[in-house]
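Some notes on the structure that comes next.
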Amino acid sequence: METPDSFNDKIWAICDIMRRSNYSGAMGYIADLTWLLFLRLLDDHEQAEAEGREALGIPHRYSLEPRYRWSNWAAPDGPLRRELETGPRNAMIDFVDAQLLPYLRTLHATADASDAQRTISQIVSGIDAIGMDGNKNLLDTLDLLWEIRADRSDTASVFALSQAYEGLLLEMGQTNKDIGQFFTSRMVVSAIVRAIDPKLGETVYDPCCGTGGFLARAYDYMRRERGDRITGPELDQLATDTFYGREKADLVYAIALGNLVLHGIEQPNIWHGNTLTGNESYSGLYHDAPQLFDVILTNPPFGGKEGADAQQRFTIRSRETQLLFLQEVIDSLKDGGRAGIVIDEGTLFKNTNAHRQVRQKLLDECDLYCVVSLAGGAFTSAGTGVKTNLLFFKKGSPTENIWYYEIAPPADAVGAGGSGNQRTFNKSYPLKLEHFDHFFELLPSRADSERSWSVSIEEIESRDYDLNAVNPNRPDTTDTRTPSELLDEIESHSRDLEDALADLRQALG
């Protein structure tokens, strides 16, 4: 049985090989790792499935023709691999670029394409050629991938591999801006999923899913909640018609598909295109998707600006990406549906007409029952210092009271930035899941504390729909001493120091 550590070691060893190849950045080699790892696991899965069917006398339809299956061209003892190894200098690279990738990219276009074939095709849709610079690096990578032998029927092994892959995305988010913008802190994702508590039978949607972190975490949560009680039909439901998302960026879309499949979502219902404009790149995996959803979990891009084509779909027009996505979330929820969303702090208090109107729409159409204010630096690992809030709301009835909770490092936290109760998270003192413990203790009752307070809709309306989280219970640590008092105190400490030094000199004789 593979362990999480052994999966991590293999994933990172592969990345080391890819880093010394000809890639221009992390996005390139993560994209290649995604489709190679997917084909590796697909081969194991389909061979096991074929053996089971053949034992029952039922023929199995493979997703790939024999020439393009992993066991033929990539496995150490594969017939085509042996042929390519002894061929011209870059025979393996040439095969991948000129034959394998074009074949995989066109799988979705066949008349009777299966869901697996459409998924494969989309995972490589943005890959024109493998980024490696020679046979040796590619062969070394294939050999390491061959050692990854997670049995897809074994939940623990698949989970360990998915966590290794997710850990890679996390590391890239911390060190590379090109992928960091699509990665939400794992702690924030976990806290939002736990607070929303999605249930088996509910549909879960992310309109800007990035690498699929919210959907993958929701799958893990719902699967674990059922535990050993889960049935075969329930597993099928989770794997095929529970999770839905949209993503615009080509390579990120492919990574999301691979990430979700690795987590056990065999049919990732991800729409490829611009959610805000409605411009579609590919919708073949989004078939039979509902118009409205039970649960929405998302983190819209910070600081984005949109053109007129995106604004036309919304009743309240704005260039602010987050304002448009907030409307998208409200409009995509069923009555009674729940949402957990990350929003930058400015969205809650900026005084433009569009900001006020979107906040009023939220409060009129939904019960915004909770706002979590995160101290600055919570998203440092994702490459941004933007101060953020988490909004939790339920569609169908207007807001009457909002319960606020403030999450920040304690005053004596070693490594935290700032001072007193204004301390901030940073790389030395990052946001952790235990920082949410007290929040989850109070959430059921929404009780007041030093970190939490409630605000009525009447007060919000009197503030012209300003939703900014200003904690009235925070102890006042303002230094009220006058300049004269401060000088007196300095003078007193100076005399004490002089007396101590005199005593020390006398003692030393």
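Side chains included, hydrogens not; waters and symmetry mates left out as well; all remaining heavy atoms used.
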Residues [X], [Y]: salt bridge by 4.0 Å N-O rule:
X	Y	result
Lys334	Asp294	yes
Lys361	Asp364	no
Asp464	Arg356	yes
Asp112	Arg61	yes
Asp220	Arg224	no

* Modelled atom types, side-chain donor and acceptor of His272 and Asp250, under 3.5 Å ->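 Indeed, the side chains of His272 and Asp250 share at least one donor-acceptor pair under 3.5 Å.
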* To do: Using the side chain to side chain contact (heavy atoms under 4.5 Å, CB included) rule, pick out the option among Leu64, Leu42, Leu145 that qualifies with Trp70.
  =>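 Checked Leu64, Leu42, Leu145 against Trp70; only one passes side chain to side chain contact (heavy atoms under 4.5 Å, CB included): Leu145.
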* Is Arg194 positioned over the aromatic face of Phe440, cation under 6.0 angstrom from the ring centre and no more than 45 degrees off axis? ->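 The answer is yes; both the distance and angle limits are met.
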* To do: May I ask you to check if Arg338 and Phe392 form a cation-pi contact, with NZ or CZ under 6.0 angstrom from the six-membered ring centre and within 45° of the axis?
  =>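 Geometry flag: not set, cation outside 6.0 Å or 45°.
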* Asked: Taking the six-membered ring for Trp, are His355 and Tyr465 ring centroids under 6.0 Å apart?
  ->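 Ring centres of Tyr465 and His355 not closer than 6.0 Å.
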* Ring centers of Phe393, Tyr369 separated by less than 6.0 Å ->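 Centroid distance Phe393-Tyr369: not below 6.0 Å, so no.
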* **Straight-line distance of Arg105 CZ to Leu100 CG, nearest 0.5 Å** =>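 If I round to the nearest 0.5 Å, the distance is 9.5 Å.
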* To do: Can you measure from CG (Asn259) to CZ (Phe38) and round to the nearest 0.5 angstrom?
  =>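 Atom-to-atom, Asn259:CG and Phe38:CZ are 12.5 Å apart.
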* Mind telling me whether Tyr429 and Phe425 have parallel, tilted or perpendicular rings, with 30° and 60° as the class edges? =>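 Phe425 and Tyr429: parallel rings.
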